[in-house]
Each structure stands twice: as structure tokens, then as C-alpha cells.
Engineer: 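I have a structure here, written as C-alpha cells, and I will follow up with some questions on it.
Numbering of ligands and ligand atoms starts at 1, following listing order.
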Amino acid sequence: MKVTLPADKPVKPVLAPHNYFIYGAPMSGKSYFASFFPHPLSLNTDGNSEQGTAPSIQIRNLRNSDGSLKQSCIDQLDGILTALQDENNSFQTIIIDVIDDICVMIEQAICIENNVRSLSDMGYGKGFSIFNTTLQQFVMDLKSLPLNVIYISRENEINDDNSGIPELVPSLKTKYYNIVNGNCDLVIHTQKFGKDHYTRTVTDRRAKYKPADIKNERVRQLLESCKGMF
Ligand SMILES: Nc1ncnc2c1ncn2[C@@H]1O[C@H](COP(=O)(O)OP(=O)(O)OP(=O)(O)O)[C@@H](O)[C@H]1O
Ligand SMILES: [Mg+2]
């Protein structure tokens with residue numbers, strides 16, 4: 001393959017977020033907020049997608065009666081990515097609702113395929129290495145699509161011994177969070193106060209975005225509704 005190098009001069013960075021990470025407590029408005037992004041497709045794990053308006057696909061491992069895998073979520077996700085690469089689809093946003101469960105399902109699929117109970121049963125490091133490669137591949141394939149990608153995660157409370165103030169963090173395990181988040185541009189925390197006061201707060205960002213950077217008007221309005229965005 002012949003490679004043409006780019007011209008040796010600075011380029012203007014593309015400054016619009018495309019990969020999002022949303023976390024928050026149950027019923028704090030994660031799925032609701034994500035569903036307002038343009039032309040969404042939701043990859044759902046928790047079975048409550050019927051309550052949302054975004055078209056959805058239920059991600060699951062299906063077993064045969066002998067316990068073997070009839071359908072692996074890894075193959076299913078692969079098939080979805082291939083279908084999305086076809087330029088004839090009109091989706092503009094893909095929502096992973098929730099990424100925590102997808103990680104568990106990928107882990108399960110690898111275990112069933114290898115006849116073990118847990119990744120650590122596969123011999124030192126091997127199970128985890130297969131898992132990491134699979135998750136990394138999934139995240140990178142998603143990122144390479146010309147779509148908004150939204151990862152949804154639940155929330156954990158950790159107690160800071162020094163201040164005594166509990167901190168709310170994504171529930172995704174740190175090592176998985178780093179893989180997913182290394183590929184995200186914006187982290188948004190959803191919260192609900194009382195019966196019906198919902199808030200969204202930007203807790204991390206790749207760049208200091210300006211409203212003018214975000215060309216899609218709908219996305220810009222959605223982000224304007226998040227505290228600390230601009
Ligand atoms: N900003 C909002 N304004 C008005 N209603 C909202 C808002 N956000 C969420 N809701 C309402 O709250 C309900 C729960 O929200 P949603 O399903 O998005 O929660 P979730 O964080 O995805 O919860 P879960 O973790 O259980 O999936 C929705 O049915 C929606 O009607
Ligand atoms: Mg939800």
C-alpha cells in the first residue's frame with residue numbers, strides 16, 4: 001500500500017464532541033437525555049427500552065439447552081457494526097445503554113465459549129487479555145463510524161475518608177472505564193432532585209468547546225442544557 005503523507009503544516013483541529021459518556025442514578029434521565037440526540041439507535045441491555053422513544057436492539061447472549069452459546073453478544077455487536085458501516089442507514093447517534101452490562105455480557109460470552117466460569121480460570125492473564133481486546137475493538141469500531149456515540153453507565157457512591165463527602169462516580173470498573181473513556185470527548189452526570197427536577201452537569205471534557213464548534217443545532221441545544229458546558 002502506497003502512503004501519501006499530509007503536508008507538513010499545522011491543521012485546524014476539529015472541535016466538536018462525538019463520543020459521550022453519561023452516568024447517573026436510576027431514573028435520573030440518562031436514557032431520556034440520550035434519546036433527544038439526532039436519529040438515535042439504542043443498543044439496550046436492561047429491557048426497559050420499550051419505555052423510550054429511540055428504536056432499539058436488545059443485546060444478549062442466547063444459550064442452547066445444553067448451555068452452549070446459540071448467539072454470542074460479541075457476534076451480535078459485530079453484526080450491528082457491519083450494518084452501521086453500510087452508508088444506506090440513516091442513524092446519526094448510537095446509544096450503548098448500559099455499557100456496564102455490555103462488559104459483563106462480553107465477559108460471559110468469552111467464558112461460555114471457553115468452558116470456564118470466570119476469566120481468571122482461563123490461565124494467567126489470557127482471559128483478561130481476550131476481554132480487553134474485544135472491548136477495545138468494539139469501542140474503536142464505534143468511534144470510526146460517522147456517528148455520535150453515547151455510552152451510558154450507572155453511578156456509584158464512593159466515600160472520601162478525608163472530607164467525609166461522598167463522591168458520585170461512574171459505576172463502570174476503572175479499567176473498563178479507561179478503555180471506554182479514553183475514546184470519549186465529554187462526560188455528563190445526570191441527577192434528579194425531588195420528584196421532578198432533572199439536571200445534567202459536564203464533569204469532564206476533551207477540549208473547551210464553544211457553541212459555534214457544534215454544527216448540529218439539536219446537539220448544540222442539548223449541550224447548552226448541561227451545566228458547565230460552555
Ligand atoms: N429532563 C427531564 N425532564 C422531564 N422528565 C424527565 C427528564 N429526564 C427524565 N425524565 C423522566 O424520567 C423518567 C426516567 O428517566 P430515564 O428513563 O431517562 O432514566 P435513566 O437514568 O435512564 O434510568 P435507568 O438507569 O433506570 O435506565 C423518564 O421516563 C422521563 O419521563
Ligand atoms: Mg435508562
Side-chain angles (χ1 to χ4, degrees), residues 17-61 73 76-77 80 84 91-108 135 138-139 142 147-159 166-174 176-177 179-181 183-205 209 211 214 216-230:
H18 279 292
N19 299 276
Y20 301 84
F21 192 93
I22 300 178
Y23 71 100
M27 294 193 281
S28 62
K30 303 181 294 294
S31 308
Y32 183 85
F33 179 65
S35 71
F36 284 94
F37 275 72
H39 297 261
L41 169 66
S42 178
L43 307 188
N44 217 264
T45 59
D46 55 12
N48 63 13
S49 62
E50 305 83 49
Q51 293 164 26
T53 53
S56 67
I57 301 177
Q58 192 68 33
I59 304 300
R60 47 166 69 110
N61 289 314
C73 73
Q76 190 186 13
L77 292 171
I80 293 168
L84 285 170
F91 290 110
Q92 294 175 15
T93 302
I94 179 130
I95 305 169
I96 318 299
D97 194 354
V98 290
I99 183 67
D100 310 43
D101 292 347
I102 299 270
C103 287
V104 172
M105 285 181 199
I106 291 176
E107 209 169 308
Q108 265 175 358
L135 180 62
F138 174 58
V139 170
L142 277 174
L147 301 168
N148 299 305
V149 184
I150 303 178
Y151 298 93
I152 294 182
S153 176
R154 305 199 182 90
E155 137 188 317
N156 259 353
E157 192 177 302
I158 53 166
N159 290 302
E167 197 189 346
L168 300 170
V169 297
S171 62
L172 194 63
K173 286 185 202 163
T174 311
Y176 305 158
Y177 180 77
I179 295 179
V180 173
N181 234 277
N183 291 288
C184 285
D185 308 310
L186 212 54
V187 181
I188 297 169
H189 183 203
T190 58
Q191 281 174 291
K192 182 183 178 184
F193 299 93
K195 262 211 303 279
D196 42 29
H197 180 55
Y198 298 89
T199 67
R200 295 165 292 280
T201 311
V202 171
T203 60
D204 210 352
R205 62 181 174 203
Y209 301 105
I214 293 144
N216 186 299
E217 196 181 330
R218 180 145 199 184
V219 174
R220 191 171 63 238
Q221 284 170 354
L222 284 170
L223 296 181
E224 273 166 353
S225 79
C226 299
K227 284 191 259 178
M229 176 62 202
F230 297 121

Engineer: Quick check: does Met27 have an N/O/S atom under 2.8 Å of the Mg ion (ligand 2)?
Structural biologist: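 Given the 2.8 Å cut-off, Met27 does not count as a ligand of the Mg ion (ligand 2).
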
Engineer: Atom CD of residue position Glu157 - does it have more than 12 heavy atoms of other residues, nucleotides or ligands inside 6.0 Å?
Structural biologist: yes

Engineer: Checking a contact table here: which protein heavy atom is nearest atom 29 (O) of ligand 1, and how many Å away?
Structural biologist: Tyr32 CD1, 4.9 Å

Engineer: Can you pull out the closest protein heavy atom to atom 22 (O) of ligand 1? Residue, atom name and distance to 0.1 Å, please.
Structural biologist: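 I find the closest protein heavy atom is Ser31 OG, 2.8 Å.
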
Engineer: Keeping Asn19 on the side-chain end and Val149 on the backbone end, is there a donor-acceptor pair under 3.5 Å?
Structural biologist: no

Engineer: For the 3.5 Å polar cut-off, considering only N or O atoms, please tell me whether Met27 and ligand 1 meet it.
Structural biologist: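 Min N/O separation from ligand 1 is below 3.5 Å for Met27.
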
Engineer: Does Arg154 use its side chain to pair, donor to acceptor, with the backbone of Ser171 at less than 3.5 Å?
Structural biologist: no

Engineer: So, 4.0 Å and heavy atoms of Ala25: is ligand 1 close enough to count as a contact?
Structural biologist: yes

Engineer: If we ignore hydrogens and angles and just use 3.5 Å, is the side chain of Lys173 paired with the main-chain N or O of Asp100 as donor and acceptor?
Structural biologist: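 Checking the backbone N and O of Asp100 against the side chain of Lys173, no donor-acceptor pair under 3.5 Å is found.
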
Engineer: Which protein non-hydrogen atom lies closest to atom 27 (O) of ligand 1, naming both residue and atom, and how far is it?
Structural biologist: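 That would be Asn48 ND2, 3.5 Å.
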
Engineer: Tell me: protein heavy atom nearest atom 25 (O) of ligand 1, and distance?
Structural biologist: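 That would be Lys30 NZ, 2.7 Å.
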
Engineer: For residues Arg200 and Phe33, report the shortest heavy-atom separation together with the two atoms involved.
Structural biologist: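 Closest pair (atom of Arg200, atom of Phe33, distance): CD-CD1, 3.1 Å.
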
Engineer: Gln76 side chain to Gln58 main-chain N or O, any donor-acceptor pair under 3.5 Å?
Structural biologist: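 Yes: the side chain of Gln76 pairs with the backbone of Gln58.
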
Engineer: Closer than 3.5 angstrom, by distance alone: can the side chain of Asn61 be matched with the main-chain N or O of Cys73 as a donor-acceptor pair?
Structural biologist: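 Side chain of Asn61 to backbone of Cys73, a donor-acceptor pair under 3.5 Å: yes, one is there.
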
Engineer: Counting C-beta onward and ignoring hydrogens, is there a side-chain heavy-atom pair between Val98 and Ser153 closer than 4.5 Å?
Structural biologist: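 No, too far: nothing below the 4.5 Å cut-off.
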
Engineer: Check each atom of ligand 1 against the heavy atoms of Gly29 and keep those under 4.0 Å away; list them by number with element.
Structural biologist: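 Here the atoms of ligand 1 in question are 8 (N), 9 (C), 15 (O), 16 (P), 18 (O), 19 (O), 20 (P), 21 (O).
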
Engineer: Are any of the N or O atoms of Pro26 closer than 3.5 Å to those of ligand 1?
Structural biologist: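 No, since none of the N or O atoms of Pro26 sits under 3.5 Å from an N or O of ligand 1.
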
Engineer: What residue and heavy atom of the protein are closest to atom 10 (N) of ligand 1, and at what distance?
Structural biologist: Tyr198 CZ, 3.3 Å

Engineer: By number and element, which atoms of ligand 1 are closer than 4.0 Å to a non-hydrogen atom of Arg200?
Structural biologist: 1 (N)

Engineer: Between Ser31 and Asp97, do the side chains contain an N or O donor and an N or O acceptor separated by less than 3.5 Å?
Structural biologist: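 Indeed, the side chains of Ser31 and Asp97 share at least one donor-acceptor pair under 3.5 Å.
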
Engineer: Under 4.0 angstrom from ligand 1, any heavy atom of Gly24?
Structural biologist: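 False for this residue.
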
Engineer: Strictly inside 4.0 angstrom of atom 8 (N) of ligand 1, do you find any protein heavy atom?
Structural biologist: yes

